Amino acid sequence: HVQLVESGGGSVQAGGSLRLSCAASGLPSDTFCMGWVRQRPGREREGVATIRTQYGTTSYADSVKGRFTISRDNAKNTLYLQMNGLLPEDTAMYYCAADLKGAFSCFYTSYVDRYNYWGQGTQGTV
């Protein structure tokens, strides 16, 4: 039984930081790719960042590049998203997601239909 549980959301002023966490359980050891997806009010889901679990390689949407950092602690089965230099347009519900099969390259951050499992989301407000 796969479970993804996000935490760390909150309300910050512009220019501030938030660190999101995603505790994962039940994922197979060969999970292909994990990522963070956000949904801003009135907008479609947007892939923010991905990490290739085997190699640790990362990819980012242009809108967050240089401000957000995705990472994973394999020992703790936890995915992180460090968000710095937050802007009002970063206000969104942030979801953690897992892609088990890898039909498409993890590099393509925007391809959110890849994900097999999703967390319940955590709200970030700037």
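As the structure is a prediction and not an experimental result, all values here were calculated from the model. Computed over heavy atoms, backbone and side chain alike; hydrogens, waters and symmetry mates excluded.
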task: Would you indicate whether the side-chain heavy atoms of E6 and L79 approach each other to under 4.5 Å?
output: no
Tightest non-hydrogen contact, residues G35 and Y115, listed as CA-OH, 3.5 Å
- Would you say K101 has more than 12 foreign heavy atoms packed within less than 6.0 Å of its NZ? no
* Hey, quick one: are V2 and I51 part of the same hydrophobic cluster, counting side-chain heavy atoms closer than 4.5 Å, chains of contacts allowed? -> yes
Output for pair (D30 CG, T53 OG1), nearest 0.5 Å, gives 8.0 Å
Rounding to 0.5 Å, atoms OG (S17) and CG (L86) come to a distance of 6.0 Å
Value for OG (S7) from CG (L20), rounded to nearest 0.5 Å, stands at 8.0 Å
For this session: Show the numbers, then the answer: is there a side chain to side chain donor-acceptor pair (under 3.5 Å) between E89 and S63?
Result: CA-CA 10 Å; E89 51 263 43; S63 57; over 6 Å; no
Tell me yes or no: between the side chains of Q54 and T31, is some donor less than 3.5 Å from an acceptor? no
- pair R45-W118: side-chain heavy atoms closer than 4.5 Å: yes
Under 3.5 Å, is there a donor-acceptor pair linking the side chains of D73 and T78? no
Heavy atoms of L4 and A98 approach each other most closely as CD1-N, 4.0 Å
Notebook entry, point to check: Taking it one step at a time, do D90 and R38 satisfy side-chain contact (heavy atoms from CB on, under 4.5 Å)?
Noted result: CA-CA 9 Å; D90 294 318; R38 69 184 180 186; 2.9 Å; yes
Side-chain (T122) to main-chain (G9) donor-acceptor, under 3.5 angstrom
yes
When T109, V48, V112 are each screened for side chain to side chain contact (heavy atoms under 4.5 Å, CB included) with V37, the one that passes is V112
Across all chains, not counting sequence neighbours, the salt bridge (Lys or Arg N to Asp or Glu O under 4.0 Å) partners of R52 are none
Ignoring hydrogens and angles, tell me if any N or O in the side chain of S59 forms a donor-acceptor pair with the backbone of F107 under 3.5 Å.
yes
Separation between CD1 (I70) and CE (M83), nearest 0.5 Å, reads 12.0 Å
inquiry  = Please tell me whether V126 and V64 are part of a single hydrophobic cluster in this structure, the criterion being side-chain heavy atoms less than 4.5 Å apart.
reply    = yes
In terms of heavy-atom contacts, C33 and T50 come closest through SG-CB, 3.9 Å
Contacts satisfying ring pair (Phe, Tyr, Trp, His ring centres under 6.0 Å) that involve residues 58-104 (not counting sequence neighbours) are F104-Y111
Across all chains, not counting sequence neighbours, the salt bridge (Lys or Arg N to Asp or Glu O under 4.0 Å) partners of R114 are D99
- Task: State yes or no: do V12 and W36 share one hydrophobic cluster built from I, L, V, M, F, W and Y residues joined by side-chain heavy-atom distances below 4.5 Å, directly or via other members?
- Result: yes
Distance col, row R19:CZ vs T69:OG1, nearest 0.5 angstrom, shows 10.5 Å
Practice problem: Check for a donor-acceptor pair, side chain of R67 on one end and backbone N or O of G85 on the other, with a separation under 3.5 Å. | Solution: yes
Check: side-chain contact (heavy atoms from CB on, under 4.5 Å) between M34 and L27: does it pass, once the steps are laid out?
Finding: CA-CA 11 Å; M34 294 193 71; L27 284 173; 3.9 Å; yes
Distance col, row Q39:CD vs Q123:CD, nearest 0.5 angstrom, shows 10.5 Å
